[in-house]
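Working notes for the structure below.
In what follows, every chain begins at residue 1, and chains take the letters A, B, ... in the order their sequences are listed. Every heavy atom of this structure was used, including side-chain atoms; hydrogens, water molecules and symmetry mates were not.
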Amino acid sequence: SQQGEEDPQALSIQEGENATMNCSYKTSINNLQWYRQNSGRGLVHLILIRSNEREKHSGRLRVTLDTSKKSSSLLITASRAADTASYFCATDEGSTSYGKLTFGQGTILTVHP
Amino acid sequence: ETGVTQSPTHLIKTRGQQVTLRCSSQSGHNTVSWYQQALGQGPQFIFQYYREEENGRGNFPPRFSGLQFPNYSSELNVNALELDDSALYLCASRAQGVGQETQYFGPGTRLLVL
């Protein structure tokens, strides 16, 4: 079953614009992770945010987490054509489910040169 | 490159056959997880192995089984293949312990069942 639901399902922007993707989930979590996938290949880890954190930055990426609303957002600033990919959020509930990631269906991002 | 390798990259089987997929963990990682990703979907957790024991399983039938070896490499075996088993199979490795939640994925094996 899918825990995370991503919104929008697809996003098309011009190079230089910002891209924002949202993720909602259903249960309590230990952490939430964002991954990128190019053309059906392996997943690349982007950023992890723990349940006691509200915001993290990594280069052009900014992730927020609101545990009261069970939602997260990923912001990519100054997008590039190379950012074109599918983006997934994944939750880790911790405890007996530690290490079991539950993924959403992803957001397909297209950045036009 | 994550250091996680998988073989083969592509595989075609017929319904009812059996398949074995292989995964080599990143150096220093002792935990391996397997995921199935159907076309257009997010990955779904199959199971996780730690110290050669299954340590967590998703909603997959017993015909999906696995092994982890002393060098932490792993196999995923699927018996009695069905058409719906066609998917990208991903393995991911990580170290065990507090603060080691990040999983590093391999490039995947794309399985087609005819």
Side-chain angles (χ1 to χ4, degrees), chain A residues 1-7 9-10 21 23-27 29-53 56 58 61 63 65 74 85-108, chain B residues 1-7 9-10 23-24 26 29-51 53-60 86-112:
Chain A
S1 62
Q2 304 281 338
Q3 147 116 296
E5 296 294 331
E6 273 119 324
D7 170 55
Q9 291 188 338
M21 289 160 264
C23 167
S24 61
Y25 57 92
K26 299 173 184 173
T27 65
I29 61 171
N30 175 279
N31 65 79
L32 185 145
Q33 304 178 35
W34 285 90
Y35 287 84
R36 185 185 76 221
Q37 184 175 42
N38 291 81
S39 301
R41 297 179 188 170
L43 297 164
V44 174
H45 182 263
L46 296 176
I47 198 163
L48 179 152
I49 187 165
R50 293 189 171 83
S51 60
N52 61 352
E53 298 174 312
K56 283 189 85 169
S58 177
L61 306 180
V63 168
L65 179 65
L74 170 67
S86 294
Y87 291 81
F88 294 91
C89 69
T91 54
D92 185 338
E93 295 176 26
S95 186
T96 56
S97 298
Y98 187 73
K100 169 189 172 183
L101 293 180
T102 305
F103 286 83
Q105 291 195 324
T107 293
I108 301 171
Chain B
E1 293 290 327
T2 63
V4 179
T5 61
Q6 291 186 244
S7 64
T9 55
H10 295 81
C23 172
S24 180
Q26 183 167 313
H29 288 181
N30 55 14
T31 302
V32 175
S33 299
W34 285 90
Y35 294 82
Q36 179 195 66
Q37 186 178 21
L39 199 61
Q41 303 291 317
Q44 292 212 349
F45 175 78
I46 303 175
F47 42 54
Q48 175 176 260
Y49 276 82
Y50 171 60
R51 288 185 176 178
E53 298 277 337
E54 187 179 291
N55 178 26
R57 188 178 184 93
N59 189 26
F60 280 81
S86 295
L88 180 68
Y89 288 85
L90 298 161
C91 80
S93 74
R94 65 179 176 90
Q96 188 67 248
V98 175
Q100 302 295 331
E101 300 95 336
T102 298
Q103 298 194 25
Y104 297 87
F105 283 80
T109 293
R110 188 164 296 282
L111 172 64
L112 177 62

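Per-residue counts of heavy-atom pairs under 4.5 Å with chain B were compared for A:Ser86, A:Gly106, A:Gly42; the largest is that of A:Gly42. Between chain A and the residues B:Gln6, B:Gln37, B:Gln103, the largest count of heavy-atom pairs under 4.5 Å involves B:Gln103.
In this structure, the salt bridge (Lys or Arg N to Asp or Glu O under 4.0 Å) partners of B:Arg57, at least two apart in sequence or on a different chain, are B:Glu54. Residues satisfying the ring-ring contact (aromatic ring centres under 6.0 Å, His included) test with B:Tyr35, not counting sequence neighbours, are A:Phe103, B:Phe45, B:Phe105.
Residues A:Gln37 and B:Leu88 share a closest heavy-atom pair of NE2-CD2, 3.8 Å.
Using a 4.5 Å cut-off between heavy atoms, B:Thr102 touches chain A through backbone and side chain atoms alike.
A heavy-atom distance below 4.5 Å is not found between the side chains of B:Pro43 and A:Tyr35.
A 6.0 Å sphere centred on CD1 of A:Ile47 holds more than 12 heavy atoms belonging to other residues, nucleotides or ligands.
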